[in-house]
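Everything below concerns the one structure shown next.
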Amino acid sequence: MVVLNPRLALDSPVAELPKVKPLDKQRLAALGIRTVRDLLLHMPFGWEEFGDPKPVSELMDGTLATVVGTILRIAPGITRLKRLKLTKATLADQADDELTLVWFNQPWVAKQLHKGDRVAVAGTVKAGRYREFEMRNPHHERLDGGSSNAPKYIGGLMPKYHVVKGLTSKKLAGWVDAALPLAPKLEDELPEDVRARHHLLPLAEAVRLGHKPDTQSEWSEARRRMGFAELFELQAAFALMRASIAAEPAAPIPYRQDVIDSFKAGLGFELTRAQKRSMWEAFQDMAKPTPMNRLLNGDVGSGKTAVAAACAAMAHAAGLQSVVMAPTELLARQHLHKFRGYLEESFPGLTVELLVSSQSTAERRRVLAAAASGHCALVVGTHSLIEENVQFADLGLAIVDEQHRFGTNQRELLRAKGSGRPHFLAMTATPIPRTLALARFGEMSVSIIDELPIGRTPVATEVVPPGERDRAHELVRNQVRQGRQAFVICPLIEESEKVVARSATAEFERLGKDVFPDLKLDLMHGRLKEKEEVMKRFVAGETQVLVATAVVEVGVDIPNATVMMIEGADRFGLAQLHQFRGRVGRGAAESHCLLLADDPSAASLERLKLVETISDGFRLAREDMERRGIGELMGSKQHGMSDAAMDALRKPLLLDEVRDEAQALLLSDPRLEAHPLLRDAVEARLEKISIS
Ligand code: ADP
Ligand code: MG
């Protein structure tokens, strides 16, 4: 029995809990757990149901089970094939039926358990041909009391915690156990009436049931409460951000029909309904004396640039300048070209200039002067735009393309180029369902372009069975022979960028040697310094096949690329596969997307088949949300929400309710003076958002 240190408090460092070693402290810190409070708020993300202890005679192959018995034999050993260290033991239950236990790579188990020990084990049962049973890497617990004592930590419902290397869910559960007596001291940040309206558990109760539920439904209730509270804090934080932005003045840009008429007349096409709607939403925002803060979300090729250009034209008509920032020079140059095409002829006097780091000093000086004098209406560029010496005479509109590629800080620096606060338009080609956009980017209003211009040929998409990889390579070769280019995307490996880079390099070398020795290949990954040069060579057609990791540029137009071959496609989210696919099919020729799966199971293939049949990125994103959770959409690290919050989001309309609640509360108490706990929580969220 652990005796609780009487001085232990919620704010005590975790190291004051029993059995937290210095290394554990570091590992816990990596999970964001520094205090006892942090530990209590770190809830399990799932459970394993091992059930109550069972006699060996009642075990069933493939099921989870708990067995209590006595160790008959235990010895360390080595596996025959791979020479791995293992520990092998035999356990006998009350009826003397035997169960074999094997632990791989856990040599310490042989030191922890001894012949004659009474132990409980919990794991997956494997049955041999003669109903001899085995458990591999089971959880174990030594039982020290008499025959009646039941396992305390294992069996039943066992929590699954997010951990890092060196920690296990069982270790975490032990520490949580020691900390739980402090749970009643946790104060609730959620206002009482909000909790009552949504039937949410008090925090202390949710934490207790979250870690130690008797049933799955108790855990679900606890999790629902935690997820709600997190979304509530986030939405309150966003509401505060919106209020602070709205308190700043901006130069209104009045709507002018004649401007939009000239703009349309100069386009070689009809705007889609979604483009018109998005423009209209932006025009309404810009006409106000407070800054627009809008996210324009539309699939690759949906025509976001035209919407942005119309906004810049409107700003110009109001006597204000605009700026467009893109993440790479290549993209900035393509934008320059497009914006000039959309604007310069229709609006005499509207000049568009480029600012990137590779320019000559003279050229740069000329552009800087044009921006500072107000002579130039629109400057397109890269990070160079946020350097100190860049000044505008009167900046009214700031536009950021692929906004997720920039930090909040960089976006702020761009906005700071105005004399007041310019209107702000962020663009992203990652289709994000509306709910998720509001949950994650709730400080912005969202416009969605959910239709593509008519007349596009969809990319022919095919799931290629593992046995037919040669056929996929043949298709690549055929297209290259016709003068086209191809991408080969390497599988996503969970671990570090370093590992990914290494495996991409290996694939690049293998393809170059064994598969396409006659073709011109190039390699692209995140750790490469000369990413832009590689991309430039590909755009220029000097490379025929680009072997790349997931970093390969979004947004760059390469009309001559007609094949996108994706290895390990089952490891990517559907929306992400759709993103890759969007990198081909930009030209007139028919394009192909080939999906190869590492895991040829029916479920995995069925999921991939969706990409074959669905061409709408938003629909695929919603499928991802339903199937694999939102983390898959945003990259699990970046979304900044816990899985409890993401789970809560699956309930339709919940987010709208949370937003309304947060908005209402702030209306009655704009500084959260009556809710100091919530204020602290919201401030912590604001800080987190602003460094993301
Ligand atoms: P994205 O949303 O990916 O930035 P772009 O703005 O680059 O898309 O547009 C992709 C291509 O489609 C461009 O060549 C553009 O001129 C063209 N385009 C945009 N809107 C339309 C439309 N309504 N009808 C036909 N073509 C369009
Ligand atoms: Mg674009």
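Ligands are counted one by one from 1 in listed order, and the atoms in each one are counted from 1 as well. Fair warning: this is a prediction, and the values are worked out from it, not measured in the lab.
- Those atoms of ligand 1 with a heavy atom of Glu270 less than 4.0 angstrom away are 22 (C), 23 (N), 24 (N).
- Not close to ligand 1: Gly298, with no non-hydrogen atom less than 4.0 angstrom away.
- The ring of His525 has its center no closer than 6.0 angstrom to the ring center of Phe508.
- At a 4.0 Å cut-off, at least one heavy atom of Arg456 sits close enough to ligand 1 to count as contact.
- Set against the non-hydrogen atoms of Thr272, the atoms of ligand 1 under 4.0 Å away are 23 (N).
- The ring pair (Phe, Tyr, Trp, His ring centres under 6.0 Å) search around Phe269 returns none, not counting sequence neighbours.
- Residue Val300 has at least one heavy-atom neighbour below 4.0 Å for each of these atoms of ligand 1: 3 (O).
- The closest non-hydrogen atom to atom 6 (O) of ligand 1, taken over Thr305, Val307, Asp557, comes from Thr305.
- At a 4.0 Å cut-off, at least one heavy atom of Lys338 sits close enough to ligand 1 to count as contact.
- With sequence neighbours left out, the ring pair (Phe, Tyr, Trp, His ring centres under 6.0 Å) criterion links His592 to no other residue.
- Under a 4.0 Å criterion applied to the non-hydrogen atoms of Leu271, ligand 1 contributes the atoms 23 (N).
- The shortest N or O to N or O distance between Gly303 and ligand 1 is under 3.5 Å.
- For the pair Gln275 (side chain) and Thr272 (backbone), a donor-acceptor distance under 3.5 Å is present.
- Glu353 has a carboxylate O that lies under 4.0 Å from a charged side-chain N of Arg366, or vice versa, which qualifies the two as a salt bridge.
- Atom numbering of ligand 1 starts at 1 in the shown order; those under 4.0 Å from a heavy atom of Ser302 are 2 (O), 8 (O).
- Atoms of ligand 1 lying under 4.0 Å from at least one heavy atom of Asp299, given by number and element, are 2 (O).
- Taking a cutoff of 4.0 Å between a charged side-chain nitrogen and a carboxylate oxygen, Arg421 and Glu412 qualify as a salt bridge.
- Between Trp280 and Tyr255, the angle of the ring planes goes over 60°, which puts this pair in the perpendicular group of the 30/60° scheme.
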Derivation of the side-chain hydrogen bond (donor to acceptor under 3.5 Å, both in side chains) call for Glu281 and Ser445: CA-CA 9 Å; Glu281 286 166 351; Ser445 333; over 6 Å; no
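- Residue Gly301 places at least one N or O, backbone or side chain, under 3.5 Å from an N or O of ligand 1.
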